[in-house]
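A short worksheet on the structure shown next.
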Amino acid sequence: MSKGILRLENACKIYHMGRQDVKALAGVSISFRSGSFWAIMGPSGSGKSTAMNILGCLDRLSSGRYILEGRDVSALDDDTLSDLRLKRLGFIFQSFNLIPQLTVQRNIEMPLYYLGWEVTRSTSRARELAEKVGLESRLNHRPAELSGGEMQRVAIARALANDPQILLADEPTGNLDTVTGNQIMGLLLDLNQQGKTVIMVTHEPDIAAFAGQRLYMRDGAIERIEGETGETI
Amino acid sequence: MLGIENLLLHKLRSFLTMLGIVFGVGSVIAMLSVGEGASKDALEQIRKLGSENIIITSVKTMDEGTGTTTPNFLRIYGLTYEDHARITGTFKTVKQTAPAKLIRKEARLKERAMELRVVGTTPEWFDLVKRPVIAGRVIVPSDEDNQSPVAVLTEFGARKLLAAENTIGQALRIGGDYFEVIGIVKSESSETGSIQIPDQEIDVYIPLNLARIYFGDTIFRMVSGSFERERVELHQIIVRIEGTKNVESTALAIEEMLKRFHKKKDYALYVPLTLLRQAEATKRTFNIVLGSIACISLLVGGIGIMNIMLATVTERIREIGIRRAIGAKRKQIISQFLIETLVLSIAGGIIGIGMGILIPLLITCFAGMPTVITPGSIMLSLIISIGIGVIFGLYPAVRAANVDPIVALRHE
Ligand SMILES: Nc1ncnc2c1ncn2[C@@H]1O[C@H](COP(=O)(O)OP(=O)(O)OP(=O)(O)O)[C@@H](O)[C@H]1O
Ligand SMILES: [Mg+2]
């Protein structure tokens, strides 16, 4: 087993739906190496989002272990998980998930607020990030005034605010056209090349082609892995 | 970043949410100030009478017979010199007494003639009914001993006679006799006349023994065309008691004694202390009633805030999910929503305080009712609105914090 920055060991997630149990994850074991770029693919309901929620410390496993940066997070309490999300992880969502009543500036600053940064420092950090995603002219706009691609760039800027090592993106291009989708992928690729570990769920093979490794899921289990250095346990 | 921005975004809604608190707090302060104003007046007057004093007055009794129709009927009633002596001599707790004999007499100062309300009294009066001396001096024991014909004008009397400081030493004719004006004292009058202040109807004081010698005890009065004769020795006795705790027991004892010597109840006892206690008790009841009404309206205001905050939590469930996903802890979500509620309730409280100050001013201005805004009621209102913010904000905030981020993010 390699020194993966994110590791699932026989990960199971079972949802109890009345009498029926839904096995959203049925014993997944995989290790994501630091600095790798993964695309998770698979049919609807195969457990991709469930896996992302586990990797993102938003949810806990029913059984098995999840080791994040060498630390078993399966049994951590809510506050500690929040802290991990705040400091180690960046999220990008299909539906952008910006806060509509806040300006672009404020949206980008939000993680910094929870990190307790001073206002002047986080203001300049937000401006810097907006420049990085090419939105420095939109800082005082509200999300409703932006296009989908711009919103997703704001979301990326927000995900980068705390300078996380790991970026998790659940269908980041799902609501975008091909051209804008490719722009977003360009950004993610850049970030990966700067050393960030990127894990992304997608339905589109074109988008998945940007990733170094591709993980195919089916019925809560790993179907196969494609790519240069893909490895399972 | 926290609640305030969201509140500003929904200005109208925030304002409507606050209204309950605004009216609640406004009515607390306004009602308390009206209550305070009403009772302050009464309490002030009672205090003017002195809480260690007992005031006994003569009361004209309605006879069984029709006295006024009989031409030479002499009506005899009221307090006597003997009563005065007995009260002064019997009770250890009685410190001082001041008798007053009221006579209406035609008086003349230089060219000015007026009917004056003349009171024969003793030097003690000026101890028990303490008023600033405007000019000259008041009656002293030697005036009594020497039977000096001296007169002390009250402010009312001085006004009627157009007397001023230079009047001191001049001769004042009362009835057929001359008195030397030796002083002028201030007068007290009550604006709302529920309680009689001892000197509110007195124009001039003369020594009691002279009043007896010169004018006697029988008064002639013209009542609807026919003469009426009355024999009243003393119209009022003011009794000063040693120690507040003895006031009520001594008043009872005096009443018992008077009952023994008077066939009819031709006297009345006023115990300012008892009146004071009653007024205070009334005020307390009043405050409790008003307070309960205000509390109910504040409760309604608080529930209104809670209701809106719960709706806000549901409406902003996605925002909560985003914040949680990004790394906000439960307690940070709690404080965000709690701060929002607090801002609403405190802002409402402050607007309410403004309203609570304005309304009594308007009441005083247009209805002429006295109002008193106490700093205590403002403090109380602020504390209450903070309390409401915490109490009614906590539950929605906890609900917000317990939102599952995954569910919240999926929420459309
Ligand atoms: N909260 C839940 N309660 C019950 N069942 C759930 C819950 N979340 C997911 N599931 C079930 O788990 C399985 C995996 O769902 P998941 O959302 O991970 O699929 P997915 O691969 O992301 O699908 P899609 O491509 O449509 O987004 C599905 O059968 C789904 O119905
Ligand atoms: Mg999904």
Side-chain angles (χ1 to χ4, degrees), chain A residues 13 15 24 49-50 52-54 56-60 77-103 105-117 119 122-123 126 142-144 154-155 158-162 164 168 170, chain B residues 1-17 308-309 311-341 343-344 347 396-412:
Chain A
K13 180 71 192 179
Y15 290 109
S49 293
T50 307
M52 289 300 270
N53 290 339
I54 296 291
C57 296
L58 284 166
D59 209 351
R60 287 199 189 81
D77 66 14
D78 192 81
D79 273 6
T80 320
L81 289 180
S82 299
D83 222 44
L84 281 175
R85 295 198 293 271
L86 183 61
K87 291 178 179 155
R88 319 300 311 165
L89 304 169
F91 287 94
I92 301 156
F93 306 91
Q94 174 177 4
S95 43
F96 323 129
N97 280 341
L98 301 177
I99 296 183
Q101 65 266 35
L102 300 183
T103 59
Q105 165 96 37
R106 289 280 202 237
N107 266 291
I108 298 174
E109 275 173 9
M110 194 157 48
L112 306 176
Y113 168 79
Y114 288 115
L115 279 169
W117 282 32
V119 177
S122 53
T123 307
R142 288 186 202 279
V154 174
R158 180 180 64 188
L160 294 174
N162 55 352
L168 300 170
D170 196 344
Chain B
M1 179 61 61
L2 281 183
I4 298 94
E5 285 186 32
N6 191 64
L7 296 178
L8 289 177
L9 196 75
H10 301 286
K11 285 190 196 70
L12 179 65
R13 182 207 282 184
S14 303
F15 178 70
L16 292 176
T17 309
I308 296 288
M309 288 312 290
T312 305
V313 169
T314 310
E315 187 188 276
R316 284 160 66 192
I317 190 160
R318 204 181 169 90
E319 175 194 331
I320 297 165
I322 297 166
R323 287 179 186 273
R324 291 278 284 134
I326 278 167
K329 295 191 175 72
R330 283 213 171 100
K331 51 179 178 278
Q332 288 171 316
I333 300 291
I334 289 183
S335 63
Q336 176 188 346
F337 280 87
L338 206 53
I339 285 170
E340 265 185 48
T341 325
V343 167
L344 277 178
V398 168
R399 276 264 290 253
N402 286 338
V403 161
D404 179 353
I406 299 168
V407 175
L409 285 172
R410 250 206 312 261
H411 196 269
E412 286 310 318

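These numbers were taken from a predicted model, which means no experiment stands behind them. First the proteins, then the strands, lettered A, B, ... as listed; each starts at 1.
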Requested in this report: Measure the shortest side-chain to side-chain distance between A/Asp79 and B/Lys331 over non-hydrogen atoms and say whether it is less than 4.5 angstrom.
Outcome: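 A/Asp79 vs B/Lys331: side chains touch.
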Query raised in the report: Is any side-chain heavy atom of A/Leu86 less than 4.5 Å from a side-chain heavy atom of B/Gln332?
Result: no
Requested in this report: Output the distance between atom CZ (A/Phe96) and atom CD1 (B/Ile322), rounded to the nearest 0.5 Å.
Outcome: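 If I round to the nearest 0.5 Å, the distance is 12.0 Å.
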**Report entry** Euclidean distance, B/Glu319 CD relative to A/Gln101 CD, rounded to 0.5 Å
**Finding:**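 If we round to the nearest 0.5 Å, A/Gln101:CD and B/Glu319:CD are 4.5 Å apart.
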Report summary line: Answer key: most heavy-atom pairs under 4.5 Å with chain B among A/Asn162, A/Asn97, A/Leu81 is A/Asn97
Query - Portion of B/Ile326 that has a non-hydrogen atom of chain A nearer than 4.5 angstrom - result: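 For B/Ile326, the contact with chain A is made by backbone and side chain together.
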Report summary line: By side chain to side chain donor-acceptor pair (under 3.5 Å), A/Ser122 pairs with (sequence neighbours left out) none
Report task. Name all residues meeting the side chain to side chain donor-acceptor pair (under 3.5 Å) criterion together with B/Arg324; count only those two or more places apart in sequence or in a different chain, and write none if there are none. Result ->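 Side chain to side chain donor-acceptor pair (under 3.5 Å) list for B/Arg324, sorted by chain: A/Asp78, A/Ser82.
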Report task. Measure across A/Phe91 and B/Ala325 and return the closest heavy-atom pair with its distance rounded to 0.1 Å. Result ->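 Scanning both residues completely, I find the closest heavy atoms to be CE1-O, 3.3 Å.
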Requested in this report: Determine the minimum heavy-atom distance between B/Arg318 and A/Ser95, stating which atoms define it.
Outcome: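 Here B/Arg318 and A/Ser95 meet closest at NH2-OG, 2.8 Å.
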Query raised in the report: Checking heavy atoms, do the side chain of A/Leu84, its backbone, both or neither come under 4.5 Å from chain B?
Result: neither
Query raised in the report: Is chain B contacted by the side chain of A/Asn53, its backbone, both, or neither, given a heavy-atom distance below 4.5 Å?
Result: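 It is the side chain, since no backbone atom gets that close.
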